[in-house]
Trainee: 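For reference, the structure I am asking about is given below.
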Amino acid sequence: MADKESSVGPIVFQVSIGTLCYPTHLMRTLTQCGYEPLPSTIGRSWFGIGRKAYFLPGLRKYLGHLRRTEGIAGLYKGLTPHIMEGVLQQMTSSYLASVIPSPAASTDQQDSSSDVKQAVLSMGRDACIRAAVIAVAHPFHVVNVRMIAYYVGREVEYSTLTDTVTTIYRNEGIAGFFSGLMPRIAGEVLIVVATGVLSRLLKAAVEASSESGNGTLSPENRKEMQHYSNALVDYIVRLFAYPFTLTTTLMIVDGSGMAAAAGVPRGTYGWTTCLRSLYSVGQNMRGNSLLNRVDKTKSVCSTAL
């Protein structure tokens with residue numbers, strides 16, 4: 001009974017957070033596709049004291065526009081496959097973590113070499129689990145992105161969940177449900193490995209600092225410092241890996257015949273060329289920010305001239 005409750009709790013939390021934050025996910029997906037229904041305006045960054053630039057509507061204005069045009073329900077279009085994806089990911093992750101033994105739990109730490117080997121095996125295990133979890137639930141992510149991308153071109157075949165699934169299968173077969181999978185797995189594996197390496201280095205630095213003659217950190221302060229440093233590392237790594245998330249979204253709509261595919265860089269013949277093209281045109285972080293959104297396609301100086 002306790003095991004059942006412990007497995008249901010994370011799922012309920014996943015559904016609650018996924019539903020609460022879904023409008024931001026919807027906005028990010030649309031902006032990743034290049035959908036900007038409102039014009040940019042001149043403003044200043046950094047709370048009005050920074051440089052002048054053109055700014056695209058932020059979270060409040062963007063979602064406010066969608067609410068006026070689509071209604072409250074429009075802010076939750078594609079929510080069902082999004083929730084199903086999250087639940088399936090949680091269940092698969094819990095199952096794989098229980099059947100695949102952790103090297104850290106079964107290997108004795110005798111010296112530095114065995115400790116490094118243990119860390120490598122642990123990161124490899126986590127990366128494999130994460131890749132498997134992403135692959136299993138990816139079809140729901142594809143359906144979710146296609147349903148959200150409906151707002152760009154209003155293709156009726158992607159207006160409902162049933163129509164979206166039918167259209168993908170009819171036009172692209174089973175492979176269509178796994179479009180954009182490779183850049184997503186590559187980004188997630190990068191996050192797992194980079195986070196593991198950097199967290200380990202920071203932990204070693206904190207321990208070395210606490211044992212130095214400059215002062216000794218209490219176990220509570222050491223634990224708190226490690227907690228905040230891990231959170232910072234996770235944020236930085238995810239920011240660095242964001243272009244893989246953007247590429248995933250673009251590869252999902254690429255070749256679908258949807259108007260949202262116009263956001264894919266020209267000359268794209270695969271996810272690697274798409275990623276390189278995004279970097280070359282300075283669009284590799286498109287859709288990352290939801291608040292201070294600078295329109296890089298316009299310049300105040302060039303407009304004034």
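We use all heavy atoms of the structure for the numbers below, so side chains are in, but hydrogens, waters and symmetry mates are not.
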Trainee: Between Ile83 and Thr19, does the side-chain contact (heavy atoms from CB on, under 4.5 Å) criterion hold? Intermediate values first, please.
Mentor: CA-CA 7 Å; Ile83 293 300; Thr19 303; 3.6 Å; yes

Trainee: What heavy-atom pair brings Leu26 and Tyr151 nearest, and what distance separates the two atoms?
Mentor: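 Nearest pair, atom of Leu26 first, then Tyr151: CD1-CE1, 4.1 Å.
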
Trainee: Quick one, His82 with Phe140, criterion ring pair (Phe, Tyr, Trp, His ring centres under 6.0 Å). Give me CA distance, side-chain angles, the key distance, then yes/no.
Mentor: CA-CA 7 Å; His82 181 70; Phe140 292 103; over 10 Å; no

Trainee: Let me confirm one number: the CG-CD1 distance from Asp126 to Ile100, rounded to the nearest 0.5 Å.
Mentor: 9.5 Å

Trainee: Which atom names give the shortest non-hydrogen contact between Lys77 and Met147, and what distance separates them?
Mentor: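 Nearest heavy atoms, Lys77 then Met147: CE-O, 3.3 Å.
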
Trainee: Are any non-hydrogen side-chain atoms of Ile42 and Phe55 less than 4.5 angstrom apart?
Mentor: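 They are not in contact (no side-chain heavy atoms under 4.5 Å apart), so the answer is no.
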
Trainee: Does atom OH (Tyr279) have a neighbourhood of more than 12 heavy atoms from anything else shown, all under 6.0 Å?
Mentor: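 Yes.
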
Trainee: For the pair Glu36 and Arg293, find out whether any cationic side-chain nitrogen is under 4.0 Å from an anionic carboxylate oxygen.
Mentor: yes

Trainee: Taking a hydrophobic cluster as the set of Ile, Leu, Val, Met, Phe, Trp and Tyr residues connected by side-chain heavy atoms closer than 4.5 Å, whether directly or through intermediates, do Val264 and Met258 fall within one such cluster?
Mentor: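 Same hydrophobic cluster.
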
Trainee: For residues Thr245 and Arg184, determine if any side-chain heavy atom of one lies less than 4.5 Å from a side-chain heavy atom of the other.
Mentor: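 Result no, sub-4.5 Å side-chain heavy-atom pair not found.
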
Trainee: What's the shortest heavy-atom distance between Val15 and Val87, and which atoms?
Mentor: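 Heavy atoms of Val15 and Val87 come nearest at CG2-CG2, 3.7 Å.
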
Trainee: For residues Val143 and Phe177, determine if any side-chain heavy atom of one lies less than 4.5 Å from a side-chain heavy atom of the other.
Mentor: yes

Trainee: Is the closest side-chain heavy-atom distance between His65 and Pro37 below 4.5 Å?
Mentor: yes

Trainee: If you group Ile, Leu, Val, Met, Phe, Trp and Tyr by side-chain heavy-atom gaps below 4.5 Å, do Tyr169 and Tyr150 land in one group?
Mentor: yes

Trainee: Please report the interatomic distance OG1(Thr247) to CZ(Arg276), rounded to the nearest 0.5 Å.
Mentor: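 Atom-to-atom, Thr247:OG1 and Arg276:CZ are 11.0 Å apart.
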
Trainee: Under the side-chain contact (heavy atoms from CB on, under 4.5 Å) criterion, do Thr164 and Glu157 qualify, and how do the steps go?
Mentor: CA-CA 6 Å; Thr164 302; Glu157 57 268 29; over 6 Å; no

Trainee: In terms of hydrophobic clusters joined by side-chain contacts under 4.5 Å, are Val237 and Leu190 together?
Mentor: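 Different hydrophobic clusters.
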
Trainee: Go through the steps for Tyr22 and Asn144 under the test side-chain contact (heavy atoms from CB on, under 4.5 Å), then give the verdict.
Mentor: CA-CA 11 Å; Tyr22 186 76; Asn144 170 252; 3.0 Å; yes

Trainee: If we count only N and O atoms by modelled type, under 3.5 Å, do the side chains of Asp254 and Tyr269 hold a donor and an acceptor together?
Mentor: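 Note: Asp254 and Tyr269 side chains miss the donor-acceptor criterion.
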
Trainee: Can you measure from OG1 (Thr248) to CD (Gln32) and round to the nearest 0.5 angstrom?
Mentor: 8.5 Å

Trainee: Just so I know, are the side chains of Thr249 and Cys33 near enough to count as touching, which here means a heavy-atom distance under 4.5 Å?
Mentor: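 Contact flag for Thr249/Cys33 side chains = yes.
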
Trainee: Is the shortest heavy-atom distance from the side chain of Leu30 to the side chain of Tyr62 under 4.5 Å?
Mentor: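 Yes, close enough: below the 4.5 Å cut-off.
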
Trainee: Under 4.0 Å between a side-chain nitrogen and a carboxylate oxygen: does that hold for Asp234 and Arg238?
Mentor: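 Salt bridge between Asp234 and Arg238, a charged N being under 4.0 Å from a carboxylate O: yes.
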
Trainee: Of the non-hydrogen atoms in Val253 and Ala261, which two are nearest, and what is the gap between them?
Mentor: O-CB, 3.5 Å

Trainee: May I ask you to decide if the ring planes of His141 and His25 are parallel, tilted or perpendicular, using 30° and 60° as cut-offs?
Mentor: tilted

Trainee: Ile185 and Ala135: which non-hydrogen atoms are nearest, and at how many Å?
Mentor: CD1-CB, 4.5 Å

Trainee: Parallel, tilted or perpendicular: which fits the ring planes of His138 and Phe178, with parallel below 30° and perpendicular above 60°?
Mentor: parallel

Trainee: Start with the C-alpha gap between Ser179 and Arg146, add the side-chain angles, then the distance that decides, and say whether side-chain contact (heavy atoms from CB on, under 4.5 Å) holds.
Mentor: CA-CA 11 Å; Ser179 57; Arg146 295 280 182 94; 4.1 Å; yes

Trainee: Which pair of heavy atoms, one from Leu246 and one from Gln283, lies closest together, and at what distance?
Mentor: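 Heavy-atom minimum between the residues: CD2-O, 3.2 Å.
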
Trainee: Would you call Pro265 and Leu278 a side-chain contact if the rule is heavy atoms closer than 4.5 Å?
Mentor: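 Yes - at least one pair of side-chain heavy atoms lies under 4.5 Å apart.
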
Trainee: Determine whether a donor-acceptor pair (N or O, by modelled atom type, separation under 3.5 Å) exists between the side chain of Thr160 and the backbone of Asp163.
Mentor: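 Yes.
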
Trainee: How many angstroms lie between atom CG of Asn288 and atom CZ of Arg286, to the nearest 0.5 angstrom?
Mentor: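 Spacing of CG (Asn288) from CZ (Arg286) equals 12.5 Å.
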
Trainee: If I take atom CD1 from residue Ile168 and atom OG from residue Ser256, how far apart are they, to the nearest 0.5 angstrom?
Mentor: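 Spacing of CD1 (Ile168) from OG (Ser256) equals 8.5 Å.
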
Trainee: Kindly work out whether a path of hydrophobic side-chain contacts (I/L/V/M/F/W/Y, heavy atoms less than 4.5 Å apart) joins Leu181 to Val189.
Mentor: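 Both belong to a single hydrophobic cluster.
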
Trainee: For Ser289 and Asn292, does a side-chain donor sit closer than 3.5 Å to a side-chain acceptor?
Mentor: no

Trainee: Are any non-hydrogen side-chain atoms of Val294 and Tyr54 less than 4.5 angstrom apart?
Mentor: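 They are not in contact (no side-chain heavy atoms under 4.5 Å apart), so the answer is no.
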
Trainee: Nearest 0.5 Å please: distance from the CG atom of Leu202 over to the OG1 atom of Thr195.
Mentor: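 Result: 11.0 Å between the selected atoms.
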
Trainee: Do Val156 and Ile148 belong to the same hydrophobic cluster, where Ile, Leu, Val, Met, Phe, Trp and Tyr are linked whenever their side-chain heavy atoms lie under 4.5 Å apart, directly or via other members?
Mentor: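 Val156 and Ile148: separate clusters.
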
